[in-house]
Amino acid sequence: MINLGPHAVFIICAYAGVTLAVAALIFWTLFDARRTASKMAALEARGIRRRSAGPAA
Amino acid sequence: MTTDTAPKPSFWNRLAHPGQFVALTRPLLWPLTIITAALFIAGLWFAFFNSPEDYQMGDTVRIMYIHVPTAWLSQFVYGIMAVSAIGSLVWRHPMADVSMKAAAPLGATFTALALFTGSLWGRPTWGTFWEWDGRMTSTLVLLLIYLGIVALWRAFDDQLRAARVIAVFTLVGAINIPIIKFSVDWWSTLHQPSSVFTMSGPHMPPSILTPLLVMAIAFTMLFLTLHLKAMHTEVARRRLMALQRQAAQTGKTA
Amino acid sequence: MSAFAAVIARELRLSIRTGGDVLTLVLFFVMIGVVVPFAVGPDRELLSRLAPGVVWIAAFLSMLLGLDRLFRADHEDGTLILLRHADLPFWAVVAAKVMAHWVVSAVPLIVASPLLAVMLALDGSAFWRVVLSLLVGTPALAALGAIGAAVTVSIRRGGLIAPVLILPLAVPVLIFGVGAISTGPGPDLSGSALLFLAAISLITLALSPFAAALAISSGED
Amino acid sequence: MSAFAAVIARELRLSIRTGGDVLTLVLFFVMIGVVVPFAVGPDRELLSRLAPGVVWIAAFLSMLLGLDRLFRADHEDGTLILLRHADLPFWAVVAAKVMAHWVVSAVPLIVASPLLAVMLALDGSAFWRVVLSLLVGTPALAALGAIGAAVTVSIRRGGLIAPVLILPLAVPVLIFGVGAISTGPGPDLSGSALLFLAAISLITLALSPFAAALAISSGED
Amino acid sequence: MTERQVFGSLALSAHALAVGRGGIALAQGLEFKVQNGKCLLLRGPNGVGKSTLLLTLAGIVEALDGSFKLEGPTSEDGPLLHYCGHRNAIKPRLSVLENLDFWAQLNGPTGAASLEALETVGLDHVAGLDAGYLSAGQGRRLALARLLVSARPLWLLDEPTAALDTEGHDLVTRLIDAHLEAGGLVVAATHDPITPTDPNRVETLVMAGIH
Amino acid sequence: MTERQVFGSLALSAHALAVGRGGIALAQGLEFKVQNGKCLLLRGPNGVGKSTLLLTLAGIVEALDGSFKLEGPTSEDGPLLHYCGHRNAIKPRLSVLENLDFWAQLNGPTGAASLEALETVGLDHVAGLDAGYLSAGQGRRLALARLLVSARPLWLLDEPTAALDTEGHDLVTRLIDAHLEAGGLVVAATHDPITPTDPNRVETLVMAGIH
Ligand code: HEM
Ligand SMILES: Nc1ncnc2c1ncn2[C@@H]1O[C@H](COP(=O)(O)OP(=O)(O)OP(=O)(O)O)[C@@H](O)[C@H]1O
Ligand SMILES: Nc1ncnc2c1ncn2[C@@H]1O[C@H](COP(=O)(O)OP(=O)(O)OP(=O)(O)O)[C@@H](O)[C@H]1O
Ligand SMILES: [Mg+2]
Ligand SMILES: [Mg+2]
């Protein structure tokens with residue numbers, strides 16, 4: 001690793017914080033997508049479909 | 001007093017249908033992800049291994065590579081929200097609603113990050129984490145506006161009606177942000193004639209400019225990717241809520 | 001025009017009937033003046049330095065307190081729907097309500113502000129600047145507040161959300177309002193601050209009825 | 001006891017459902033801290049002297065703004081009448097509501113108060129005193145607020161009259177609350193202020209369910 | 001009286017009762033007695049004091065003169081009456097089931113299970129929906145379901161059929177029938193023709209005002 | 001059509017109209033046409049979407065599909081409709097007369113004088129009372145009086161007879177009759193039998209839901 005000079009703490013903190021936040025953002029986005037998809041699948045498994053998508057089962 | 005479902009221009013028509021929008025843009029997700037990742041790798045390599053330390057700021061200049069992109073995004077995202085708000089009010093474009101909603105938490109996060117990195121940068125250069133400086137303060141106010149919008153989205157239960165109301169508020173905010181910025185500058189010069197450090201303009205050496213640019217594009221791509229994904233989720237969530245409501249009303253469980 | 005006047009008259013009458021409202025505002029406004037000296041200690045010089053800020057914060061918060069009533073009661077008893085079919089454009093109805101709101105919630109503060117100025121040890125000329133800056137600046141608060149109230153009216157139990165939306169937007173009003181009172185060291189900028197304040201008031205007053213009306217009609221069911 | 005728990009659970013659930021209620025409350029609290037520097041200038045030393053007052057005024061206001069919802073909604077939709085026929089003495093129902101109100105409107109503030117303390121440049125030890133004084137003092141605000149809300153509901157006047165009633169009562173809470181934070185010049189009186197605060201909280205908490213229940217049931221319909 | 005007597009022996013009687021609002025009498029000299037299995041219908045034009053009488057019986061408004069009493073209960077019986085007024089006491093942000101469950105817990109879950117009660121009033125299919133979405137008539141049905149989840153002998157009903165459709169009118173009749181059958185007491189103010197199946201069980205008090 | 005034609009020639013027609021809440025259709029493919037002097041009654045069970053249809057016609061809720069239009073008016077005519085919903089839009093702290101006067105001024109005092117209108121609906125004796133003290137039926141009457149103080153051709157009534165006594169039912173019938181006689185249009189959702197005297201003037205739309 002290169003030498004970051006006397007203020008290494010701040011640099012590392014900044015990068016670590018941003019990495020953490022971005023990771024959380026990505027995680028949340030994916031998690032939200034999964035959760036919604038699985039709820040949708042559960043509903044569709046019960047035979048509920050959009051009315052516009054033809055007569056409901 | 002006639003109410004017709006207004007015919008929409010055909011280009012919009014295709015994008016306006018949420019299902020079609022998702023179908024059209026889903027193939028973009030993977031390429032976007034890959035481009036974003038590549039840009040980040042390049043940018044970080046530049047940032048750590050291929051950029052000299054600034055003669056004036058020392059190694060802390062490396063914070064700039066994440067500070068400036070997040071700060072830039074904090075404003076860019078609001079721009080996206082404002083444009084979407086116009087789309088939702090004027091053209092009643094359903095995807096504009098979705099885009100507006102998906103952007104708000106992302107914008108709030110990037111704004112928080114700009115504040116975070118900025119204050120971490122401020123400590124070694126100015127000797128304090130927080131100074132009531134014009135730019136910092138107006139960024140803080142921007143964060144508060146973002147959080148207000150997020151709270152507003154959560155407070156509505158009917159998201160369809162929420163969209164147009166929030167669009168109005170977003171636009172009011174958009175008009176107001178320049179005023180806030182200006183007034184805060186005026187205020188902080190009024191109270192603090194001596195600014196310890198004036199943020200340097202774009203006259204910086206290319207060795208610093210290159211990583212900065214790469215990182216800025218990388219962050220922007222990251223936003224676009226996440227935004228698109230969040231929009232897809234939002235479309236699905238709306239369909240889900242409609243289905244649940246419908247199931248509840250008709251009592252059909254099988 | 002008579003319909004416009006009718007709306008204003010009704011709002012004023014309602015707020016007089018409900019009593020208490022004006023009293024609370026003034027009490028609250030004055031209470032801040034009582035509590036601040038406790039917090040900072042009885043240093044008169046310091047107090048008078050703080051005074052412009054304290055007056056404005058007090059005004060700011062007092063006006064936020066009454067915000068929710070602007071449209072909520074009318075929403076809940078079904079009046080708001082009927083107001084949209086009045087013989088007057090809806091934005092004009094909203095404008096009338098904003099004006100009445102200003103009369104009810106800002107004028108008492110302006111009248112009471114000398115009291116606060118005395119408690120905070122402001123001197124004579126600053127005293128007049130306080131009244132003037134409140135007079136010029138509070139319309140902007142009322143106008144912005146109307147937008148906040150309109151945006152949140154269709155949320156059941158809105159409560160605090162309108163103030164939260166409006167506070168950051170109102171920062172310029174606060175800054176110029178304080179600027180118009182305090183001369184501070186250096187050149188006297190209070191005149192130009194007052195001008196800016198007036199400009200903000202005019203712009204927000206002109207825009208807010210439309211924005212608020214749009215928000216209400218797109219949110220109400 | 002399960003009926004008591006049911007009331008608390010319902011109140012909590014209602015306030016969570018309102019979506020972003022807690023977020024809004026905390027935002028409001030923090031915003032006041034952000035707005036103060038705009039008014040009084042960004043002088044860190046000055047800010048930290050003002051901080052105790054600002055924290056308490058912010059807490060007071062945040063709790064005040066949510067006050068009306070304590071009984072009004074229940075009154076207007078007819079719930080309050082039915083609560084009087086519950087399988088639980090009415091004062092116990094009121095006590096449950098006050099407790100839930102405290103949890104919903106004071107606990108988030110206490111959690112967020114360190115943030116405000118940092119922004120207002122309070123130092124380490126003062127920081128803990130802020131949390132402690134809020135913890136000890138806010139129950140009194142909730143209890144007094146319940147009385148105010150009950151009286152308001154029973155005299156069928158909406159709006160801001162509840163704050164008028166409890167403002168004078170709440171001033172001691174504010175003053176001791178501020179006193180428990182700021183050491184100020186001279187002998188350190190923060191300890192005794194805290195004790196007074198605790199005493200006020202206990203007394204008001206013990207009395208307010210009965211007073212509020214009486215106010216509600218003696219009010220007409 | 002009936003075979004299936006569930007509630008203890010009770011009688012609600014009024015003697016020279018005067019009710020009114022704000023000190024002004026609306027109805028005077030009311031005399032009636034309702035016993036187990038009986039229903040008293042209050043009739044009369046708008047504003048004559050029907051709601052006021054019900055509120056007086058519920059103990060919310062004070063009687064101006066005369067007296068009424070509920071004979072029979074021992075002190076351990078707890079609250080004996082259900083009041084169902086003009087307003088439905090529904091929380092819009094709780095689901096239909098949550099609304100009902102709350103009342104079941106608060107008033108004591110001594111009657112039907114919540115879901116069962118919802119089925120009776122025809123709301124089982126919207127049990128999970130936010131109550132704020134209910135139409136006027138559905139809201140009224142939810143208010144009626146509250147009577148079922150806690151068993152209490154005396155029902156005070158203020159226009160129970162308001163906003164209900166024809167099927168809803170039948171529902172109210174059925175509910176009252178069943179309650180009377182179980183030995184309950186009903187006092188109901190109404191403009192609509194509610195007719196419990198057994199006419200012997202019904203008495204009507206026509207209020208005329210004192211003007 | 002009628003001799004005493006007060007309002008200009010108007011027709012409210014819907015074509016393939018779909019109405020609903022929160023993006024979910026409650027009723028689809030509605031077709032109707034109402035002309036001067038005609039009354040359309042909406043009927044159907046609770047929760048079928050009657051109120052939603054009225055709100056859609058009033059321009060408060062957006063139509064999901066299809067269209068409706070009001071033919072005939074010129075742009076100078078100003079607002080053409082009165083909506084009278086479930087809620088009475090009454091301010092409790094204003095007197096009955098003040099409440100009505102406000103609406104007369106706001107909607108244009110083109111109809112009966114306020115006191116006259118109060119007399120018509122039978123509230124003249126409480127004109128000075130705080131409106132918060134009105135009984136349920138009296139409040140409804142006050143809401144109806146609002147229709148009279150400003151003359152507008154189209155009335156959208158949501159359960160106008162709710163909480164009204166028998167005399168009140170007659171009142172609503174009388175009001176509708178007079179309005180139709182004057183060439184007005186009425187769309188009313190109701191569970192009660194409202195029967196304008198002339199059966200030729202009435203059409204009924206039975207809403208059944210789309211499930
Ligand atoms: C919390 C503190 C801070 C905040 C909120 C903040 C905010 C911002 C914002 C909004 C921008 C404009 C981004 C754009 O539009 O492209 C920016 C740019 C910049 N900031 Fe900061 N900043 C903070 C602290 C600092 C510090 C401490 C430094 C350096 C010592 C710094 C250096 C820069 C530089 C070099 C730029 C880019 C140059 C320019 O656009 O003028 N910032 N910052
Ligand atoms: N504000 C709302 N938001 C979302 N959905 C609603 C709302 N109000 C009503 N609904 C839904 O719309 C349906 C129809 O409601 P509507 O009020 O139109 O019925 P209605 O025919 O008038 O019934 P009623 O005879 O009981 O008044 C209800 O079942 C309800 O689920
Ligand atoms: N809260 C109140 N305070 C004072 N007076 C009231 C109050 N509520 C009602 N009144 C008065 O009492 C009278 C009777 O009201 P009440 O509600 O008992 O009538 P009602 O018989 O139920 O009529 P409706 O059939 O219209 O419901 C009204 O005329 C009104 O003037
Ligand atoms: Mg009644
Ligand atoms: Mg309806």
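No hydrogens, no waters, no symmetry mates; every other heavy atom, side chains included, goes into these values. Not measured: the values here are computed from a predicted model. So you know, we letter chains A, B, ... as the sequences are listed, proteins then strands, and number each from 1.
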Return a table of donor-acceptor pairs under 3.5 angstrom between the side chains of residues 106-119 of chain D and protein atoms on other chains or two or more places apart.
| residue | atom | partner | partner atom | Å |
| --- | --- | --- | --- | --- |
| D/Ser113 | OG | D/Ile110 | O | 2.7 |

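Using a 4.5 Å cut-off between heavy atoms, E/Ala58 contacts chain D through both its backbone and its side chain. With a 4.5 Å cut-off on non-hydrogen atoms, D/Leu83 touches chain E through its backbone and its side chain both. Only the backbone of E/Ser95 has a heavy atom closer than 4.5 Å to any heavy atom of chain D.
Rounded to the nearest 0.5 Å, atoms CG (E/Leu154) and NE2 (D/His85) are 9.5 Å apart.
Shown here for D/Ala213 and D/Phe90, the closest heavy-atom pair between the two residues is CB-CD2, 3.7 Å.
With E/Arg87 contributing its side chain and D/His75 its backbone, the two residues share a donor-acceptor pair below 3.5 Å.
Ranked by heavy-atom pairs shorter than 4.5 Å toward chain D, the options E/Asn88, E/Asp101, E/Ile90 are led by E/Ile90.
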